[in-house]
Amino acid sequence: MTVTEPASVPAASPAPPPPLAARTRSAGGSPVRDILAVTARPEVVNFAGGLPDPELFDAEGIAAAYRAVLAELPGRALQYATTEGEPELRAALAERTSARGVATEADDLLVTTGSQQALSLLATALLEPGDTVLVEDPCYLAALQSFRFAGARVVAVPGDERGPDPQALADLVVRERPKLFYTVPTFQNPTGRTMSAGRRAAVAEAAARHGLWIVEDDPYGELRFEGERVPWIASYEAARDRTVLLGSFSKVMAPGLRLGWLRAPAPLRRACAVAKQAADLHTPTVNQLAAARYLADRDLDAHVRRVARAYGERRDAMLAGLAEALPAGSRWTRPEGGMFLWVRLPASYDTSALLPEVVRHDVAYVPGAPFHAGEPDRSTMRLCFVTQRPDAIAEGLRRLGEGLRAAGGQAPRPRPVRAAGPYSHQKCHDVRSRTCCSA
C-alpha cells in the first residue's frame with residue numbers, strides 16, 4: 001500500500017487558543033491578595049491582611065495531634081475518605097455547635113476545605129447565572145467573588161452599626177426576589193460590627209415570610225474580647241429550615257489546616273456534597289483526623305480565650321493611636337471582638353489613590369471601595385489589628401499618619417480619643433468607653 005504524503009503548504013501562524021470563560025474575565029481577583037503581594041517585605045507593618053498571628057498558634061499541640069494520628073492510624077489518615085467528612089470530626093463539631101445554641105447531629109454537617117469552599121459549594125448548588133444575591137454593605141470580599149463567579153447579580157442591603165436595615169432587607173426581597181442573603185453577623189469582615197439580636201430576628205422573619213436562604217458565616221464569633229454573645233440567626237425558629245451556618249478553624253486553630261464546615265438542611269447539604277465531589281472529592285483526611293484528635297486531647301476553648309485576650313490588647317493599642325494617625329473628622333468602629341476595624345476618612349480622601357504613597361512609608365491597609373457591592377465609599381479603609389504586637393501597631397500608625405499627610409496634604413489633629421458605638425469621634429477621650437459623647 002502506497003501512502004501519499006500531503007503536499008507541503010506554507011507555514012501559517014498558529015491559531016490562538018479558545019478564550020477563557022466569561023466568568024473568569026468578569027469576576028476579577030482579590031484586591032487583598034494583590035496588596036499582600038506588594039507588601040510582603042518584612043519591614044512593612046501590614047494592617048492589610050486578615051492573617052492570625054502565627055506566634056499564637058498552638059503549634060506543639062497541633063504537631064502532637066498529627067504525630068498521634070500518623071502513628072496510630074497511618075493507613076486511614078493517608079487514604080481517600082468520604083465526601084461528607086470524618087465521623088470523629090463531624091461528631092466533635094456537632095457537639096460544639098449544640099453547646100453554642102443550635103442542636104446539631106454529625107449528619108447535619110459537611111466538612112469543607114476551609115469555609116471559603118463552603119461559599120463556592122453553596123454558589124454552585126443554589127445559583128443560576130442571573131440570580132440575585134443580597135449581601136451586607138460593605139461585604140466580605142471573597143463572598144462577593146464567589147457569587148459573581150457564579151454569575152449572580154449582587155445587591156447590597158444598606159445598614160448601620162447594628163447591621164442591615166430590616167425594612168430595606170424586606171423591601172429588597174420583595175422587589176428583587178433573591179435566592180439568598182449572605183451575612184457575617186458577628187465581628188463582620190470588614191467593619192468589625194456585630195448585628196444586634198433584634199436585627200437577627202428580623203432577618204429570620206423576612207426569610208421565612210418571603211422565601212429566602214440565609215447564609216450565616218461565623219469565622220470570628222469565638223474571638224470575643226468583651227460583651228455578651230449574640231445567638232446565631234440559625235437558632236431562631238423562623239430560620240431553622242432555611243439557614244446555612246458556616247464555621248472554620250482558620251481563626252481559632254490554624255488557617256493552614258484548611259478546615260471549615262457547613263450546617264444546612266438535608267436537601268441543600270446533599271447538593272453541596274455532590275458539588276464537593278466534583279471539586280475535590282473530600283477534604284484531606286489527615287487534617288480532619290488531626291483536628292479531631294486535637295479537640296479530644298486539648299482544650300480549644302482555653303486556647304481561644306488566650307488568643308482573644310492578646311487580640312483584645314492589640315485592638316486597644318490600635319484604638320489608642322488612631323486619633324494621632326488619622327485626619328481630623330475621621331471616624332472608626334470599635335469592635336467587641338474579631339480581627340478588623342473600619343475607618344472612614346473625610347470625604348475628600350480616596351484611600352485607593354492614597355495607598356501607593358502610604359506603602360512607601362512601609363505600612364499598608366486595604367482600601368474600602370472593593371468591599372462594596374454597590375456604590376463604593378472611597379474614603380474608607382479596613383485595618384487588621386491582630387497580626388502585629390502593640391509596639392508594632394503604634395509604629396505602624398505613626399507611619400500611616402506620615403503617609404496620609406504626605407499623600408493627602410492634611411495634618412491629623414493629635415487628640416486622645418475613645419472609639420465606640422458605630423464610630424468614634426475626635427472629641428471623645430476615654431478609650432474604653434462604649435458610647436460616644438457626640439453620637
Side-chain angles (χ1 to χ4, degrees), residues 45-53 56 138 160-162 186-194 220-221 223-228 251 305-346 349 351 358 363-368 371 379-405 411-439:
V45 178
N46 200 331
F47 297 141
L51 305 178
D53 185 353
L56 297 175
D160 55 26
E161 74 278 5
R162 294 178 293 164
T186 306
F187 314 139
Q188 192 232 22
N189 182 354
T191 66
R193 72 188 179 193
T194 293
Y220 312 105
L223 296 173
R224 178 171 286 279
F225 319 145
E226 60 184 63
E228 297 299 322
K251 307 305 187 293
R305 286 192 294 271
R306 288 191 294 271
V307 172
R309 281 196 297 272
Y311 287 175
E313 293 172 357
R314 297 172 189 198
R315 178 209 60 179
D316 291 345
M318 181 165 282
L319 292 175
L322 282 173
E324 290 191 31
L326 301 180
S330 298
R331 299 182 295 165
W332 51 89
T333 55
R334 185 187 191 280
E336 294 185 333
M339 301 173 62
F340 307 106
L341 59 79
W342 187 245
V343 172
R344 179 174 287 119
L345 303 180
Y349 286 78
T351 58
V358 171
V363 64
Y365 57 80
V366 180
F371 293 94
S379 67
T380 56
M381 67 173 73
R382 189 193 74 178
L383 299 176
C384 177
F385 52 79
V386 304
T387 309
Q388 314 289 337
R389 291 185 176 183
D391 56 345
I393 289 173
E395 173 60 20
L397 291 177
R398 185 191 65 79
R399 297 177 188 179
L400 177 62
E402 288 183 350
L404 290 175
R405 288 194 294 275
R413 180 168 60 198
R415 183 177 291 184
V417 68
R418 80 177 175 195
Y423 292 99
S424 67
H425 297 262
Q426 292 281 353
K427 64 182 180 180
C428 303
H429 301 288
D430 179 6
V431 168
R432 296 191 179 276
S433 175
R434 291 168 136 200
T435 58
C436 181
C437 63
S438 61

Inset, instruction - State which residues pass side chain to side chain contact (heavy atoms under 4.5 Å, CB included) with Ala394; sequence neighbours excluded, sorted by chain then number. - result: none
Inset, instruction - Can you see which heavy atom on Leu319 is nearest to which on Thr333, and at what distance? - result: CD2-O, 3.9 Å
Inset, instruction - Quick one: sort the Tyr220 and Phe340 rings into parallel, tilted or perpendicular, breaks at 30° and 60°. - result: perpendicular
Inset, instruction - Only counting residues at least two apart or in another chain, list the ones meeting side-chain hydrogen bond (donor to acceptor under 3.5 Å, both in side chains) with Gln388. - result: none
Inset, instruction - Could you list all the side-chain hydrogen bond (donor to acceptor under 3.5 Å, both in side chains) pairs where at least one residue sits in residues 389-399, not counting sequence neighbours? - result: Glu55-Arg389, Glu395-Arg398, Glu395-Arg399, Arg398-Glu402
Legend entry - Where Pro346 and Pro327 come nearest, the two heavy atoms and their spacing: CD-CB, 4.2 Å
Legend entry - Asp160 backbone acceptor or donor facing Arg193 side chain under 3.5 Å: yes
Inset, instruction - Compare every heavy atom of Gly403 with every heavy atom of Val358, then report the nearest pair and how far apart it is. - result: CG2-C, 3.9 Å
Legend entry - Test item: Thr194 side-chain N/O and Phe187 main-chain N/O as donor-acceptor pair under 3.5 Å: yes
Inset, instruction - Answer yes or no: is there a donor N or O on one side and an acceptor on the other, between the side chain of Arg314 and the main chain of Val386, under 3.5 Å? - result: yes
Inset, instruction - Could you tell me the separation between the CZ atom of Phe225 and the CD atom of Glu313, rounded to the nearest 0.5 Å? - result: 10.5 Å
Inset, instruction - Might you point out which heavy atoms bring Gly50 and Arg382 nearest each other, and give the distance in Å? - result: N-NH2, 3.8 Å
Inset, instruction - Examine distances only and state if a side-chain atom of Tyr311 and a backbone atom of Pro52 form a donor-acceptor pair shorter than 3.5 Å. - result: no
Inset, instruction - Output the distance between atom CG (Leu383) and atom CD1 (Ile393), rounded to the nearest 0.5 Å. - result: 10.0 Å
